[in-house]
Each structure stands twice: as C-alpha cells, then as structure tokens.
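To keep things clear, I will list the structure first and then write my remarks on it.
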Amino acid sequence: MQVHNLLGWEGHLPRLFEMKAQGRLRYVGITTSEGRRHTELERAMRTQPIDFVQLSLNLLDREAEQRLLPLAQERGIAVLANRPFREGALLRDLARHKLPGWAAEIGCDGWAQVALKFVVSHPGVTCAIPATSQVAHLRQNMGAARGPLPDAALRARMARDVAAL
C-alpha cells in the first residue's frame, strides 16, 4: 500500500504501519511524481521505516540520482521509477534523432528501450513503470529486458548525448 503523491503522508503512514504489523500489508510506500516535492520525500525516507518509494527518473530528469537514490540504497528502500518517458514527451522529442551507435551495443532498436535501460540500470532502481495503453509500445518496452544493461560510464554518456540533442 502506498500513500500517493505525499498527500497526507504523515497522517496515513501510522495506520499503514499498524496494518503491516498486523500482517494485513506486506509493504508500505510513498510516492511522488513531482521533482519539486523531493525534499519532502527525502524527509519521509529519512524518518519513516518505509519499504518503497516511487519517484520520477529519466534521461533528462535526474535530480533523484543526487540524494534520493543513494539514500534508498543506504536504507534498503525499493525504488519504483515513474515517468521514464516524461509521459511520452521525451520519446516524441527523441524520435527526430537517429539512435546513437552505442544503442546497438546494449541491444536497443528504439528510443523507448534506451530510455528504459538508462533507468533500470541505475543500481538504486528496483523497477521502472513506463505506463502505456498500446500493445505496440508494450512490445517495444519489453525489448529493454533483452541484451546487456549500460554500466555507469555508458549511463553518463547516454545522459550527455541525449541532453545535447
């Protein structure tokens, strides 16, 4: 069970922790989809025994890499990364550009796979939740599960190259 978008989290978490202690819940988490609320999310991560968080991370929105992902790793908090495509805007922008040569090195034949591999290859990320309603997009996204994941050096290059487009 998760408190969505930090709405009333200080009031809701005690009840959720009580339900967890009773065996009615297995995991308790908290979410945000807005980078402007990362300070509040960080406070919850530091002060509450939460099991998971959901936050935004993608090739261009990387603020979570600075404090939140290291904190999650330190505290053993699972991370669901939302908006890996910026609600499609990132993929629409990238579609105008040819895939870089390094994309083939990690088994990618489309920008969606590149974007997902960037997110899920971060050691602090447990999974990505790309959201789609189209089967063709689902199939493209599933391609990110094949082939090697980028290492830290390639992740940095991916971010630089995409930011330069």
Side-chain angles (χ1 to χ4, degrees), residues 1-91 93-94 106 108 111-133 137-138 141-142 144-145 148-163:
M1 182 78 64
Q2 63 190 17
V3 177
H4 183 60
N5 272 337
L6 296 162
L7 296 177
W9 68 271
E10 291 167 309
H12 292 302
L13 283 181
R15 176 67 178 136
L16 295 179
F17 292 138
E18 181 182 313
M19 293 171 72
K20 181 179 176 181
Q22 295 168 349
R24 296 174 57 202
L25 297 177
R26 185 175 293 179
Y27 303 110
V28 174
I30 193 165
T31 76
T32 185
S33 57
E34 300 175 28
R36 65 183 170 83
R37 301 192 73 190
H38 282 179
T39 300
E40 189 174 0
L41 180 62
E42 181 179 5
R43 183 165 63 91
M45 291 170 70
R46 288 192 185 283
T47 63
Q48 302 298 314
I50 54 180
D51 301 303
F52 69 92
V53 294
Q54 178 181 311
L55 50 79
S56 297
L57 179 68
N58 58 61
L59 280 157
L60 296 176
D61 300 315
R62 301 178 53 216
E63 180 186 333
E65 291 177 312
Q66 303 307 309
R67 293 186 335 267
L68 297 178
L69 295 179
L71 178 60
Q73 289 178 281
E74 173 188 314
R75 295 189 51 105
I77 299 171
V79 174
L80 306 166
N82 64 30
R83 298 184 183 208
F85 304 141
R86 282 185 155 183
E87 298 179 322
L90 177 62
L91 297 182
D93 289 345
L94 292 173
I106 55 173
C108 295
W111 280 111
Q113 294 169 3
V114 167
L116 284 174
K117 283 193 178 205
F118 175 83
V119 170
V120 301
S121 64
H122 190 288
V125 171
T126 307
C127 72
I129 51 174
T132 185
S133 60
H137 293 169
L138 171 67
N141 294 350
M142 288 173 53
L149 291 174
D151 61 14
L154 182 52
R155 286 184 83 258
R157 182 176 179 191
M158 293 166 78
R160 276 193 317 270
D161 288 358
V162 168

| What residues, two or more places apart in sequence or in another chain, satisfy salt bridge (Lys or Arg N to Asp or Glu O under 4.0 Å) together with R36? | E34
| Quick one: are F17 and P49 in side-chain contact, heavy atoms under 4.5 Å? | yes
| message | Using the side-chain hydrogen bond (donor to acceptor under 3.5 Å, both in side chains) criterion, which residues pair with W9? Sequence neighbours excluded. | response | E40
| field | Within-4.5 Å side-chain heavy-atom neighbours: F85 and V119 | value | no
| If you take all heavy atoms of L57 and R62, which pair is closest and at what distance? | CD1-CA, 4.0 Å
| message | Could you check whether any side-chain N or O of W111 sits under 3.5 Å from a backbone N or O of L91, counting only pairs where one atom can act as donor and the other as acceptor? | response | no
| task | Indicate yes or no: at least one non-hydrogen side-chain atom of I106 is less than 4.5 angstrom from one of M158. | result | yes
| Is I129 close to Q54 at the side-chain level, that is, under 4.5 Å between some pair of heavy atoms? | yes
| For R155, all residues meeting side-chain hydrogen bond (donor to acceptor under 3.5 Å, both in side chains), sequence neighbours excluded | E65, S121
| What is the distance from atom CG of L59 to atom CZ of R160, rounded to the nearest 0.5 Å? | 12.5 Å
| Of all pairs that satisfy salt bridge (Lys or Arg N to Asp or Glu O under 4.0 Å), the ones with a partner from residues 118-129, not counting sequence neighbours | none
| message | Once side-chain hydrogen bond (donor to acceptor under 3.5 Å, both in side chains) is applied, do any residues pair with H12, and if so which ones, sequence neighbours excluded? | response | none
| query | Got a second to check how far L154's CG is from L149's CG, nearest 0.5 Å? | reply | 10.0 Å
| query | Donor-acceptor pair, N58 side chain versus R83 backbone, under 3.5 Å? | reply | yes
| task | Taking all non-hydrogen atoms of both residues into account, name the closest pair between V120 and A128 and its distance. | result | CG1-CB, 3.7 Å
| field | side-chain hydrogen bond (donor to acceptor under 3.5 Å, both in side chains) partners for D161, two or more places apart | value | W102
| Residues in side chain to side chain contact (heavy atoms under 4.5 Å, CB included) contact with A64, at least two apart in sequence or another chain | H38, L55, L68, L69
| Contacts of A89 that satisfy side chain to side chain contact (heavy atoms under 4.5 Å, CB included) - sequence neighbours left out | R86, R92
Only distances under 3.5 Å count here; give the side-chain donor-acceptor pairs of residues 24-31 to other protein atoms, sequence neighbours excluded, each with its distance to 0.1 Å.
| residue | atom | partner | partner atom | Å |
| --- | --- | --- | --- | --- |
| R24 | NH1 | Q22 | OE1 | 3.3 |
| T31 | OG1 | H4 | ND1 | 3.4 |
| T31 | OG1 | N5 | N | 2.7 |

| Nearest non-hydrogen partners of H122 and G124, listed with the distance | ND1-N, 2.8 Å
| task | Name all pairs fulfilling the salt bridge (Lys or Arg N to Asp or Glu O under 4.0 Å) condition that reach into residues 4-14, sequence neighbours left out, sorted by first residue then second. | result | E10-R43
For residues 73-80, which side-chain N or O atoms pair as donor and acceptor with protein atoms under 3.5 Å away, sequence neighbours left out?
| residue | atom | partner | partner atom | Å |
| --- | --- | --- | --- | --- |
| R75 | NE | M45 | O | 2.8 |
| R75 | NH1 | R46 | O | 3.2 |
| R75 | NH2 | Q48 | O | 3.4 |

| task | Identify the two heavy atoms, one from P130 and one from P84, that lie closest to each other, and give their separation to 0.1 Å. | result | CA-CG, 3.6 Å
| Flag if over 12 foreign heavy atoms under 6.0 Å of CE, M19 | yes
| said: Can you pull out every salt bridge (Lys or Arg N to Asp or Glu O under 4.0 Å) where at least one residue sits in residues 49-59? Sequence neighbours excluded, please. | reply: K20-D51
| task | Output yes when a side-chain donor or acceptor of K117 lies under 3.5 Å from a complementary backbone atom of P148, and no otherwise. | result | yes
| field | CG-CZ distance between L6 and R37, expressed to the nearest 0.5 angstrom | value | 4.5 Å
| said: Could you tell me if D61 and S56 have a donor-acceptor pair between their side chains, going purely by distance under 3.5 Å? | reply: no
| said: I need the minimum non-hydrogen distance between A144 and L116, along with the two atoms involved. | reply: CB-CB, 3.7 Å
